[in-house]
*Asks:* 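Would you mind keeping the following structure in view while I ask a few things?
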Amino acid sequence: KNEVEQSPQNLTAQEEEFITINCSYSVGISALHWLQQHPGGGIVSLFMLSSGKKKHGRLIATINIQEKHSSLHITASHPRDSAVYICAVTPHNTDKLIFGTGTRLQVFP
Amino acid sequence: DTEVTQTPKHLVMGMTNKKSLKCEQHMGHRAMYWYKQKAKKPPELMFVYSYEKLSINESVPSRFSPECPNSSLLNLHLHALQPEDSALYLCASSPVIAGGTQYFGPGTRLTVL
């Protein structure tokens, strides 16, 4: 079993839909990251969280440390949001990121 | 400047060639990373440099040789690669190891013939 699990693996939405991507992890962490990768492209860091909630534009990320769970929400989704969204964690006392397998999102007009 | 740059964008090489990938950042970050990413898979960590010293080598074959000549620059020297080494190679940096957001470059797409 992976230490970082994401769901769903694939997600299709119509423009303007509210989208939620979930991430669960099984190790103690110092931080959780949400990353975005467009097809063929590099990775953009969206959020780094250690508690609570963060908002940037139409994106909202939440984390529940006790439940070892995080969600990424996209409000009023747009076709340009189509990308792979990756959850990654920094475990305690380590220099590494552990990545989830990603959620492939397609938003249609 | 919050950018990590990588050159070249694309590279095609034969199994007997020697080539290098270059990564640069001017954010004053002291940790730099090389990742390898195969299609539809998450990135895999290869190397971590902290204050220009190699901190982590994830048992990467010696045909990949990293180098950190200064705090802004990270190279990956390639020699005698195999076709299965074809992948997207991503560079990232962060203020210090395990210290905050990692900023990723756009990657170099490598094809080994």
Side-chain angles (χ1 to χ4, degrees), chain A residues 2-11 21 23 25 27-51 54 56 59 61 63 70 72 82-106, chain B residues 2-10 21 23-25 27 29-51 53-60 87-111:
Chain A
N2 292 339
E3 290 165 301
V4 181
E5 298 272 358
Q6 284 184 239
S7 63
Q9 286 190 329
N10 295 285
L11 184 54
I21 300 170
C23 175
Y25 54 92
V27 296
I29 67 169
S30 56
L32 181 141
H33 308 258
W34 281 103
L35 311 169
Q36 180 194 56
Q37 187 170 31
H38 282 99
I43 291 175
V44 173
S45 181
L46 300 174
F47 295 103
M48 186 181 77
L49 295 159
S50 53
S51 65
K54 285 190 177 179
H56 181 67
L59 302 178
I63 188 168
S70 175
L72 176 69
S82 299
V84 176
Y85 291 84
I86 304 170
C87 173
V89 301
T90 305
H92 289 309
N93 303 319
T94 177
D95 307 325
K96 305 178 190 181
L97 284 178
I98 301 178
F99 293 87
T101 52
T103 295
R104 190 169 301 273
L105 171 66
Q106 285 187 297
Chain B
T2 57
E3 196 180 17
V4 176
T5 59
Q6 289 187 244
T7 54
K9 282 190 177 178
H10 301 274
L21 310 184
C23 172
E24 202 160 1
Q25 56 87 15
M27 295 178 277
H29 290 174
R30 304 313 297 269
M32 295 185 77
Y33 311 77
W34 279 117
Y35 291 90
K36 173 183 176 180
Q37 187 179 26
K38 301 285 269 186
K40 299 191 177 181
K41 297 286 187 185
E44 300 168 32
L45 183 65
M46 299 175 73
F47 302 104
V48 182
Y49 272 82
S50 175
Y51 291 87
K53 287 188 169 30
L54 185 63
S55 173
I56 295 176
N57 176 343
E58 289 286 283
S59 303
V60 179
L88 181 68
Y89 288 84
L90 293 159
C91 173
S93 71
S94 63
V96 291
I97 274 186
T101 301
Q102 285 190 25
Y103 291 80
F104 285 83
T108 292
R109 186 157 301 281
L110 173 68
T111 303

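For clarity, every value in this text was computed on a predicted model and none was experimentally measured. Scope of the values below: all heavy atoms of this structure, side chains included, with no hydrogens, waters or symmetry mates.
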*Asks:* Minimum heavy-atom separation for A:Gly42 to B:Leu90, with atom names?
*Replies:* CA-CD2, 4.1 Å
*Asks:* Looking at side-chain heavy atoms only, is the closest gap between A:Gln37 and B:Leu88 below 4.5 Å?
*Replies:* yes
*Asks:* Check whether B:Lys9 gets within reach of chain A through its side chain, its backbone, both or neither, counting any heavy atom under 4.5 Å.
*Replies:* neither
*Asks:* Return the option, out of A:Val44, A:Leu97, A:Thr101, with the maximum number of heavy-atom pairs under 4.5 Å with chain B.
*Replies:* A:Leu97
*Asks:* What part of B:Glu44 gets closer than 4.5 Å to chain A, counting heavy atoms only: side chain, backbone, both or neither?
*Replies:* neither
*Asks:* Considering only heavy atoms, which portion of B:Ser50 lies under 4.5 Å from any heavy atom of chain A: side chain, backbone, both, or neither?
*Replies:* neither
*Asks:* What are the two closest heavy atoms between B:Pro42 and A:Phe99, and how far apart are they?
*Replies:* CB-CB, 3.6 Å
*Asks:* Roughly how far, to the nearest 0.5 Å, is the OG1 atom of A:Thr90 from the CD atom of B:Gln102?
*Replies:* 7.0 Å
*Asks:* A:Ile43 and B:Phe104: which non-hydrogen atoms are nearest, and at how many Å?
*Replies:* O-CB, 3.2 Å
*Asks:* Considering residues at least two apart in sequence or located in another chain, which fulfil the side chain to side chain contact (heavy atoms under 4.5 Å, CB included) criterion with B:Lys41?
*Replies:* B:Lys38
*Asks:* Where is the tightest heavy-atom contact between B:Thr101 and A:Met48, given as atom of each residue plus distance?
*Replies:* N-SD, 3.4 Å
